[in-house]
Amino acid sequence: MSDVSPETRAEIDRAGRGVARRIDPGTRAMLIAVAIVAAVAALLLPWVAGTPGWQVLASGTSGPLPTLFSFTMTGFAVVVSAAALLTRLWALAWLAAFGCGISSVNGLWAIWSQQTGAEAGPGFGMVLGVIAVVLLTFVWAGAALQRD
């Protein structure tokens with residue numbers, strides 16, 4: 001290795017660090033993409049008393065727990081997951097896994113709040129959203145843990 005110039009060595013080291021910060025989700029990528037689409041579809045379906053998820057997100061008038069879940073689901077399951085899938089950065093994969101885990105708990109609280117009150121219960125969109133974020137939590141955690 002003595003015949004390699006310092007500039008070439010620095011470039012090789014930079015490339016190695018760039019590869020080390022990336023993941024390869026492999027076949028999980030399709031499952032992640034489907035779960036992201038399911039999360040987006042959940043925002044279009046009814047959540048609280050027939051109100052679609054996107055209106056819960058925009059207005060925040062459906063109660064604190066459904067609103068919190070709509071924010072965390074949109075932020076982590078849609079935005080961060082899509083960014084992690086596109087860039088394949090290890091840190092974003094972990095952020096997506098961690099954030100979707102938090103969103104899963106928020107979603108279960110939101111469903112619970114709809115079942116214990118006088119409301120008609122959670123809408124199908126909210127349930128689909130919880131299923132999507134739980135799935136994303138485990139798939140992202142598996143992808144981030146298999147970093148080479």
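Sequential numbering from 1 along the given sequence is applied to the chain's residues. Side chains are part of it too, since the values below use all heavy atoms of this structure and drop only hydrogens, waters and symmetry mates.
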> Show me the donor-acceptor pairs, under 3.5 Å and distance only, between side chains in residues 102-111 and residues at least two apart or in other chains.
from: Ser103; atom 1: OG; to: Thr72; atom 2: OG1; distance (Å): 3.1
from: Ser103; atom 1: OG; to: Met73; atom 2: N; distance (Å): 3.3
from: Ser104; atom 1: OG; to: Cys100; atom 2: O; distance (Å): 2.8
from: Ser104; atom 1: OG; to: Thr137; atom 2: OG1; distance (Å): 3.4
from: Asn106; atom 1: ND2; to: Thr72; atom 2: OG1; distance (Å): 3.4

> If you look at every heavy atom in Val80 and Leu92, which pair is closest and at what distance?
CG1-O, 3.9 Å
> Report the hydrophobic cluster partners of Val40, with the cluster defined as I, L, V, M, F, W, Y residues connected by side-chain heavy atoms closer than 4.5 angstrom, directly or transitively.
Val78
> Which residues satisfy the side-chain hydrogen bond (donor to acceptor under 3.5 Å, both in side chains) test with Ser59, sequence neighbours excluded?
Thr61
> Shared ILVMFWY cluster between Leu68 and Trp54, side chains joined below 4.5 angstrom?
no
> Under 4.5 Å between any side-chain heavy atoms of Leu136 and Phe76, yes or no?
no
> Just jot down the side-chain hydrogen bond (donor to acceptor under 3.5 Å, both in side chains) partners of Trp140, sequence neighbours excluded, or say none.
Ser81
> Running the 4.5 Å side-chain criterion over Ile, Leu, Val, Met, Phe, Trp and Tyr, what cluster does Phe71 land in, apart from itself?
Leu57
> Looking only at heavy atoms, which two atoms of Met126 and Pro66 are closest? And how far apart?
CE-CB, 4.0 Å
> Find out if a path of hydrophobic residues (ILVMFWY) with successive side-chain heavy-atom gaps under 4.5 Å connects Trp94 to Val139.
yes
> Any idea which heavy atoms bring Ser62 and Gln114 closest together, and the distance?
O-NE2, 4.3 Å
> Give the other cluster members for Val37, using side-chain heavy-atom distances under 4.5 Å between Ile, Leu, Val, Met, Phe, Trp and Tyr residues; answer none if it is isolated.
none
> Say whether Val133 and Phe98 are linked into one hydrophobic cluster, either directly or through other cluster members, by side-chain heavy-atom distances under 4.5 angstrom.
no
> Identify the heavy atoms of Ala141 and Ala97 that sit nearest to each other, and give their distance.
N-CB, 3.6 Å
> Can you name the closest pair of heavy atoms from Ala132 and Ala39 and give their distance?
CB-N, 4.0 Å
> Quick check: closest heavy atoms across Trp90 and Ile23, and the distance to 0.1 Å?
CD1-CG2, 3.6 Å
> Would you be so kind as to tabulate the donor-acceptor pairs closer than 3.5 Å made by side chains of residues 42-51, with sequence neighbours excluded?
from: Trp47; atom 1: NE1; to: Ala42; atom 2: O; distance (Å): 2.7
from: Thr51; atom 1: OG1; to: Val48; atom 2: O; distance (Å): 3.0

> Quick check: is Val79 connected to Leu135 through a chain of hydrophobic side chains (ILVMFWY, heavy atoms under 4.5 Å apart)?
no
> Could you list the residues that satisfy side-chain contact (heavy atoms from CB on, under 4.5 Å) with Ala29, not counting sequence neighbours?
Pro25, Leu85
